[in-house]
Asker: 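Once you've had a glance at the structure underneath, I'll fire off some questions.
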Amino acid sequence: MEEIPEEYEGGIVKKFMYVNRRAPHGTIYAQESLEVVLVGAAFDQEVSIVFMDDGVYQILKDQDTSAIGTKNFSKTFRALEMYDVEKLYVERESMQARGISEDDLNVPVEVITSEEIGRLMEQHDVILSF
Amino acid sequence: MEEIPEEYEGGIVKKFMYVNRRAPHGTIYAQESLEVVLVGAAFDQEVSIVFMDDGVYQILKDQDTSAIGTKNFSKTFRALEMYDVEKLYVERESMQARGISEDDLNVPVEVITSEEIGRLMEQHDVILSF
Amino acid sequence: MSILHTVNKSPFEKNSLETCLRIAMEGSSVLFIEDGVYGAVDGTSLNGKLSDAGNRLKFYALGPDLKARGLSENSVMNCVEVVDYDGFVDLVVRHDATYACL
Amino acid sequence: MSILHTVNKSPFEKNSLETCLRIAMEGSSVLFIEDGVYGAVDGTSLNGKLSDAGNRLKFYALGPDLKARGLSENSVMNCVEVVDYDGFVDLVVRHDATYACL
Amino acid sequence: MKLSVVLNEGPYQHQAADTAYNFTRAALAKGHEIFRVFFYHDGVNNGTRLTTPPQDDRDIVNRWSQLAEEHDLDLVVCIAAAQRRGIVDEDEQKRHGKDANNIAKGFRISGLGQLIEAGIQSDRVVVFGD
Amino acid sequence: MKLSVVLNEGPYQHQAADTAYNFTRAALAKGHEIFRVFFYHDGVNNGTRLTTPPQDDRDIVNRWSQLAEEHDLDLVVCIAAAQRRGIVDEDEQKRHGKDANNIAKGFRISGLGQLIEAGIQSDRVVVFGD
């Protein structure tokens with residue numbers, strides 16, 4: 001991270017939802033999404049992160065990018081707690097289709113259904129897609 | 001087309017297959033694929049063009065991009081004949097799934113099955129994906 | 001709260017529409033734009049998916065994107081209303097938030 | 001003539017693998033690379049598709065891409081052989097042509 | 001109403017760059033305020049002045065520059081994404097010892113905080129991407 | 001054996017840029033000849049020298065330049081695609097009256113005919129893209 005997080009003193013608190021639907025490494029969206037989350041954490045907004053579809057693969061354990069030469073950002077997910085980003089949701093249906101269990105994930109998450117994601121989304125002001 | 005087609009005098013004749021699997025306009029692949037076909041025509045190689053999956057949409061009639069402001073390259077397909085590019089194949093299964101009949105297409109094509117495309121592909125030396 | 005979901009990918013190529021229909025709640029809307037408009041066309045093998053969700057959701061398609069692709073306003077399913085860019089802006093304003101299901 | 005088909009997209013997201021399996025003929029090979037390797041993983045809802053084609057086709061997956069995604073060599077289906085970049089080059093050489101089913 | 005637009009893809013390759021522009025123009029014409037257009041991921045490539053599109057095609061970069069001038073638009077290119085992809089203004093040129101810059105008129109390079117701020121300050125955020 | 005590589009996507013956004021490089025390097029190490037690497041579509045964006053990736057990340061552009069120098073590689077950027085996306089060498093700069101250029105060392109801008117020629121001259125062509 002090259003950026004210095006900026007202070008935001010506006011006093012407005014909004015609910016941000018970051019929706020991750022893509023696999024890591026094949027494209028940069030997962031990595032650059034994480035950069036938004038980290039910078040955004042300095043703004044004291046309410047933040048939820050959702051992993052659904054192939055986004056679930058972003059938080060699989062034991063990722064090791066040394067042989068493809070790209071950046072291994074997957075460890076950064078474990079640092080989110082220090083930034084007070086604690087609301088991580090994973091869609092149950094996406095996990096099931098991919099044969100993934102909670103033990104396979106490298107961060108604590110709340111597993112919820114598609115419908116619960118739909119209802120959760122409705123409670124947010126700003127929804128960013130990655 | 002900004003480019004001046006180059007003459008190729010090497011004497012080698014190879015079989016080129018251009019495979020178009022993407023819809024037009026949403027991405028540039030269809031348009032830039034056509035530019036390859038036109039430039040390639042000057043090289044006197046054997047050329048087949050295949051439209052399958054959403055690539056079938058590239059040759060739908062009556063495309064009019066004026067309201068989205070992008071280039072309407074769909075008319076160029078009708079010029080292919082002048083370039084002696086005459087082997088245009090469309091996958092039957094892709095047409096059926098999309099409810100498209102031959103009357104909906106703006107160029108004469110040969111409609112063949114997935115299996116026939118598979119066999120045709122095996123007869124080519126260079127297969128370019130768009 | 002109501003959400004405007006935009007879908008810009010062909011449902012034959014990508015899973016965006018499927019996901020959108022899975023999470024869009026009663027009272028929300030789906031706007032088909034760019035290659036997403038193929039999902040609104042009548043007479044394809046995917047029509048059942050929209051019909052099933054037609055009671056819960058409102059469907060819109062961007063007219064300029066239909067026209068660019070050689071699709072007339074009559075080519076979309078009955079449950080889909082065609083709008084232009086002005087209509088797109090109005091939909092964004094009328095819903096509480098927008099989610100681009102890329 | 002035999003063709004090496006490469007698939008670099010997740011079969012959950014895109015239709016590349018499905019198309020590849022539809023057109024790949026007896027004696028050809030399919031190499032899973034990048035996000036395509038998810039299609040080679042055992043225990044997903046899509047395993048049936050590979051099994052059905054296993055008699056006709058040979059399957060390979062790029063090891064470095066599996067590892068990057070937290071997938072061990074044991075996590076792929078039995079019908080899939082894991083190769084590295086050297087193996088990728090060898091596959092290209094051994095087949096008469098390569099088709100990237102993007 | 002106060003709107004912000006996020007654009008995640010580069011010019012010409014994806015229609016997202018066109019749709020974001022057409023949407024922004026329509027919103028302005030209807031009297032809405034565009035708080036900011038934020039260019040992220042490959043979207044930063046919309047901000048180079050070095051493009052020379054064919055004469056019979058639209059000029060995507062220049063179109064943004066003109067719209068910015070007419071409506072005093074805030075076109076922000078994400079600094080981290082721009083560094084990866086080679087979009088450079090005078091400051092960045094000096095900071096990284098580059099021998100040229102390529103930022104187009106009306107665009108400025110700034111941090112991801114500008115995206116979060118757009119979310120906080122705007123009534124609606126609309127994302128365009130792949 | 002004589003191989004050519006086609007790369008259709010830009011650096012960092014898609015892993016295609018990494019896979020093409022890793023494949024090319026492996027082929028060279030095995031003693032194969034790389035007749036040409038052809039950069040098409042957004043792939044032309046691999047040829048800008050203005051990138052400044054984070055220090056803990058790989059330098060995709062520079063990596064190509066170095067490989068080209070070591071192995072006398074022919075890295076060809078498609079002229080038509082480059083014009084749309086703002087990749088410019090000295091000739092293009094003059095021709096279009098631009099005030100800067102951004103081509104990286106070891107890359108050259110040329111026509112689509114170079115792609116066809118690569119197909120004719122090479123024993124195998126391998127495409128990397130999105």
Asker: Write down the atom of F:Arg85, the atom of E:Pro11, and the distance for their closest heavy-atom approach.
Answerer: CG-O, 4.5 Å
Asker: First locate atom CG of F:Leu50, then atom CG of E:Leu50, and finally report the distance between them rounded to the nearest 0.5 Å.
Answerer: 8.0 Å
Asker: What part of E:Asn101 is in contact with chain F, defined as an atom under 4.5 angstrom from a non-hydrogen atom: side chain, backbone, both or neither?
Answerer: backbone
Asker: For E:Asn45, which atoms come within 4.5 Å of any heavy atom of chain F: side chain, backbone, both, or neither?
Answerer: side chain
Asker: Any chance you could measure E:Asp42, atom CG, to F:Glu9, atom CD, to the nearest 0.5 Å?
Answerer: 8.0 Å
Asker: Would you say that more than 12 heavy atoms from the other residues, nucleotides or ligands in this model lie under 6.0 Å from the NZ of E:Lys30, or not?
Answerer: yes
Asker: In this structure, are over 12 heavy atoms from other groups packed under 6.0 Å from F:Glu33 atom CD?
Answerer: yes
Asker: Take atom CD of E:Glu69 as the centre, draw a 6.0 Å sphere, and report whether it contains more than 12 heavy atoms from other residues, nucleotides or ligands.
Answerer: no
Asker: Considering only heavy atoms and a distance below 4.5 Å, find which of E:Glu92, E:His41, E:Gln93 pairs most often with chain F.
Answerer: E:His41
Asker: F:Asp59 versus chain E, heavy atoms under 4.5 Å apart: side chain, backbone, both or neither?
Answerer: neither
Asker: Of all the heavy-atom pairs spanning F:Lys98 and E:Thr51, show the shortest one and how long it is.
Answerer: NZ-O, 2.8 Å
Asker: Counting only heavy atoms not in E:Arg108, do more than 12 sit closer than 6.0 Å to its CZ atom?
Answerer: yes
Asker: Evaluate whether atom CD of E:Glu70 has more than 12 neighbouring non-hydrogen atoms of other residues, nucleotides or ligands under 6.0 angstrom away.
Answerer: yes
Asker: Just how far is it from atom CG of F:Asn102 to atom CD1 of E:Ile87, taken to the nearest 0.5 Å?
Answerer: 8.5 Å
Asker: Using 0.5 Å steps for rounding, measure from the CZ atom of E:Arg84 to the CG atom of F:Asp57.
Answerer: 6.5 Å
